[in-house]
Amino acid sequence: MENYFSEKQSSDHFQAKFFTKQQKYAVQDTPYSIPVDVETAQLCDLINGILKSDTDQADWPKIDFDFLHDGEFLRTSIRQLIDSKELSREAVLELEYVEQCPAPKPFGSLKHDDWVSGVKSTPAFILTGCYDNTLHLWRADGEHVMTIPGHVGPVKAVDWISYDDDGGKFVSASHDQTLMVWQWDRRKNSIECAHVCRGHLRSVECVAANAARSHFASGSWDGMLKIWSTEAAAAEDGESSEQSHKKLKSNSGSSLTCTPILTLSSHTESLSSIVWTGANEVCTGSWDHTIKFWDLEAGNMKHSLSGAKVFLDLSWSPRSKLVLSASADRHVRLWDPRVTEGAVVKSTFTSHTGWVSCVSWSPDNDNTFISGSYDNLLKLWDVRSMTTPLYNMSGHEDKVMCCDWSVSNHMISGSADTTIKVFQSDGTRLS
């Protein structure tokens, strides 16, 4: 057993072992005698000292580490941890350490003419929806590509259906009760509305395309969930799909009118968010304080989860199968919809001081996500730290209305200050 601490430290010690999943930073499985008053900064110095000693590198670059006990980040002194968890000081404490996530860096601020209420990105382009009834296309480096008019009401949500080197297809949802599917030719830098989706009776608040990019779902203030084809309108009652397709082809209008292939109702207030949780399953969040899971093949609701306040956004992790919710009670919650007994809410994340308007999982890390709020902040979280976010990303001068983390190195937020902020990450190395 070795002691890496000076006599100035508390004489009250405990024994600890350290382990990591990052093998390049692994140390020997040896107990160390550590003063109980140490905090993470001193533990970090300890690990760096051991690594430097093991490698004999005089110029060892200091690595910043975070420490976890029993799957939760250590944000206090060891003494406070032992007292709060009522741990025995006779036992050897096992602490995991991981390389600290680098701080996101402000990358750009893209100015609009009105509130930005929808954003979705690809590796090369950013699509935004605005309260001035327009959509905007931007290059990932911040260059404005085009402004897209068409809606006669604020654009509330956007999503990419497909994209490649030749352009892409995307969908927008609006206060004007319609959704529009757009076809963009990148080579010609031209845009056309492929078809207009009609059927909602009030403002369309959310839209999401499925992984196969064959369908998209929409939710509205009319309380309805509707499913649409990305290619053509659904057949009307009594029509076959072939008849419907012929009818569309005979329409001489510049934009075809599309009708939903499925309409489902159960929510008693507006839908605020939709996520696809499977090929034939979607999850919806609503102002009626519920999250509902739907079986599209059977055409019914599978089950419902209840909360205390309005749900404003959802994000689904296809790897962990967990759902994040943003709520008007200022909290982000992590739900496990597979649980049939006990607590469905696995964790509650508390730091925002205003309504949490949006959440988005990291595209390549099961532990990290971002949240945006009416407190003007975008926050980067790790699910193992429920009371302290990893970083606060400031810059907005008004409420954050939407956020997106579809591309691993770009965290994006849209705001009522008429801008989107892009924060660049070198990669969330926490594992």
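As a basis for the values below, the full set of heavy atoms in this structure was taken, side chains included, without hydrogen atoms, waters or symmetry mates.
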Check: So with a 6.0 Å cut-off around CD of E297, is the heavy-atom count from everything else above 12?
Finding: no
Checklist line | salt bridge (charged side-chain N to carboxylate O under 4.0 Å, His left out) pairs, two or more places apart, involving residues 100-127 | finding: K105-D426, K120-D404
Next item on the list: Measure from the side-chain N and O atoms of E96 to the backbone N and O of F19, and report whether any donor-acceptor pair falls under 3.5 Å.
Entry: no
Next item on the list: Would you check if there is a donor-acceptor pair between the side chains of T290 and D288 at a distance under 3.5 Å?
Entry: yes
Notebook entry, point to check: Going by the angle between their ring planes, with limits at 30° and 60°, are H112 and W138 parallel, tilted or perpendicular?
Noted result: tilted
Check: Any idea which heavy atoms bring V275 and S315 closest together, and the distance?
Finding: CG1-CA, 4.1 Å
Check: Which atoms form the tightest heavy-atom contact between S408 and W405, and what is the distance?
Finding: O-NE1, 3.0 Å
Margin query: Are more than 12 heavy atoms, taken from residues, nucleotides or ligands other than D165, located less than 6.0 Å from that residue's CG atom?
Written below: no
Check: Quick one: does S172's side chain have a donor or acceptor within less than 3.5 Å of a partner on V158's backbone?
Finding: no
Check: Is there a donor-acceptor pair under 3.5 Å between the side chain of R198 and the backbone N or O of T178?
Finding: no
Check: Minimum heavy-atom separation for A209 to W160, with atom names?
Finding: CB-O, 3.8 Å
Next item on the list: Anything under 30° is parallel, anything over 60° is perpendicular, the rest tilted; go ahead and classify F369 against W381.
Entry: parallel
Margin query: Could you report the tightest heavy-atom contact between N133 and P154, atom names first, then the distance?
Written below: OD1-N, 3.1 Å
Item checked: Enclosure of K346 NZ (heavy-atom neighbours >12, cutoff 6.0 Å) -> no
Note to self: Once you measure the plane-to-plane angle for Y97 and F18, does it fall in the parallel (<30°), tilted (30-60°) or perpendicular (>60°) bin?
What the structure shows: perpendicular
Next item on the list: List the atom of L380, the atom of C101, and the distance in Å for their closest heavy-atom pair.
Entry: CD2-SG, 3.8 Å
Note to self: I'd like to know if the side chain of S360 reaches the main chain of I370, judged simply by a donor and an acceptor atom lying under 3.5 Å from each other, with no hydrogens or angles considered.
What the structure shows: no
Check: Is there a donor-acceptor contact under 3.5 Å linking the side chains of D398 and S415?
Finding: no
Next item on the list: Could you tell me whether a side-chain N or O of D382 sits under 3.5 Å from a main-chain N or O of T368, the two making a donor and an acceptor?
Entry: no
Check: Can you say whether the rings of H200 and W228 are parallel (under 30°), tilted (30 to 60°) or perpendicular (over 60°)?
Finding: tilted
Note to self: Looking only at side-chain N and O atoms, does K379 offer a donor or acceptor that is under 3.5 Å from a partner on S351?
What the structure shows: yes
